[in-house]
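Since the structure comes first, as structure tokens, the remarks are kept for the end.
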Amino acid sequence: MAPAVNTPTTSRHVAVIGAGAAGLVAARELRRKGHSVVVFERGNQIGGVWAYMPNVETDPLSIDPTRPIIHWSLYSSLRTIIPRECMGFTDFPFSTRPENMSRDPRRHPGHSEVLAYLKDFAREFKIEEMIRFETEVVRAGPVAENQKKWRVESKSSGGISDEIYDAVVVCNGHYTEPRHALIPGIESWPGKQIHSHNYRVRDQFKDQVVVVIGSSVSGVDISRDIANVTKEVHLSSRSTKPETYENVPGYDNLWLHSTIETVRQDGSVVFHNGKTVYADTIMHCTGYKYHFPFLDTKGEVTVEDNRVGPLYKHVFPPALSPGLSFVGLPWPVIPFPMFELQSKWVAMVLAGQVSLPTQDEMMEDTKMFYAKLEASNIPKRYTHLMAELDSQFVYDNWLADQCDYPRIEKWREQMFYIVFKRIQAQSNTYKDDWDDDHLITEAYEDFVRFTS
Ligand code: FAD
């Protein structure tokens, strides 16, 4: 159904929580639509996960609920998974501009280049003037007497502040609260454990035998990184057959295994393929949980088995819309353009330029979506997973249509499909060896509209 696009009507006072990529673009889109915006950022700079810091949490598994939280999850050697042309916002290309050539011009640059790009973006659109740094939102919820207003409590060196907003846009990221693997026998296993959230540099594993659990992109990336200094790395994957035991090409000290059957008091780790290794460290590369410790919606929005819901199209909770929205939940996707499209939609809905369906209709749509997942035996924890390669583009284009904005560029889609294949076929070399130069040419022809 085509959305109702009306003339601008309303300017709202909006709180954005977080100044990572999602919060930055949300702030830009909201201001473009005439809203007054305050961005709350608990750190002292923009960029969220891309603001790399070497410090880690005191508890290497990040389980202790009283631990001071470190937001960042990136490791020192990290280079982007997605090529830069694909990664950028649609109207602010992440290109190798001549003035940036002295930075990191690689197609899959290191993390500091992404931070530099986000800083360029914030400078270009004067976003910092909307941000309150070192100010953490500790509570956000509807005002008891007027459910259309939102009370936001925040904490800074100046003390606690309590303010009323028309709307709250949640952009707090979801790579900070770790998930862990359940390992039989782990209580008496004597080695060290760490979650990848607290991994920064490989030297800490020099000459060790390390078991890495999880073969998603970061599990594989980290295994290769540490294999350069360790004695052995054993990568345990749940997406392989139980008998799997393979040497990973390019490394004589890196092996792929099936899952762990048990670990023992003598330091051994026994895999379902029958192999046993004596390991110094187990690293959990097992992902993260959605976590909104500040959100007080009296049960209207919950996180159950990692489903944030109920949410209409991963953004609006039907009972609290449009006052509450979430930018950035779906994964794994090309995040920045998706954040941009979600933000445009939120900004236009709040301005009254685009209408949402009724609360009942949104709830019905959401229930149907959940029923479809259940019928396909997809667990709740995969609610925000864009599993099919093209599903994120179907979603992005739906958002673009709501906002009367151009759909995702064909070159961007094709580049994503190609890099995905390259990761599988040449996981060791895909960041420096490619054959889609024709798409790079197309992308740069497109970028001229924004860079000249
Ligand atoms: P974040 O960047 O996490 O920002 C959230 C912000 O909210 C933070 O600044 C935080 O301090 C702030 N905050 C949180 N709680 C509060 C609070 N209560 N009050 C105030 N402020 C708060 N994406 C790519 O496009 N390409 C890649 O190659 C890529 N590689 C990745 C590799 C790893 C290991 C990881 C973990 C992620 C990777 N990503 C990649 C995804 C990356 O997370 C997204 O690109 C994006 O940066 C996420 O932005 P965000 O704004 O949603 O969250």
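The structure displayed is predicted, hence computed values, not measured ones. When a ligand or atom number is given, it counts from 1 through the structure's own listing order.
With contacts defined as side-chain heavy-atom distances shorter than 4.5 Å, the pair Lys298/Asp296 qualifies. Using a 4.5 Å cut-off on side-chain heavy atoms (C-beta onward), Met338 and Val25 make no contact.
A salt bridge does not link Asp225 with Arg79: every distance from a Lys NZ or Arg NE/NH1/NH2 to an Asp or Glu carboxylate oxygen is 4.0 Å or more.
Within 4.0 Å of ligand 1, heavy atoms belong to protein residues Ile17, Gly18, Ala19, Gly20, Ala21, Ala22, Phe40, Glu41, Arg42, Gly47, Gly48, Val49, Trp50, His71, Leu74, Leu78, Thr80, Ile81, Ile82, Met87, Thr135, Glu136, Val137, Cys171, Asn172, Gly173, Tyr175, Phe294, Pro335, Phe336, Phe339.
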Original post:
Could you go step by step and tell me if Arg103 and Asp120 meet the salt bridge (charged side-chain N to carboxylate O under 4.0 Å, His left out) rule?
Top reply: CA-CA 13 Å; Arg103 293 196 325 210; Asp120 290 345; 3.2 Å; yes
Subject >> Trace of the salt bridge (charged side-chain N to carboxylate O under 4.0 Å, His left out) decision for Asp436 with Arg422 >> reply: CA-CA 10 Å; Asp436 56 349; Arg422 271 211 317 272; 3.6 Å; yes
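Ser156 and Arg42 share no side-chain donor-acceptor pair at under 3.5 Å.
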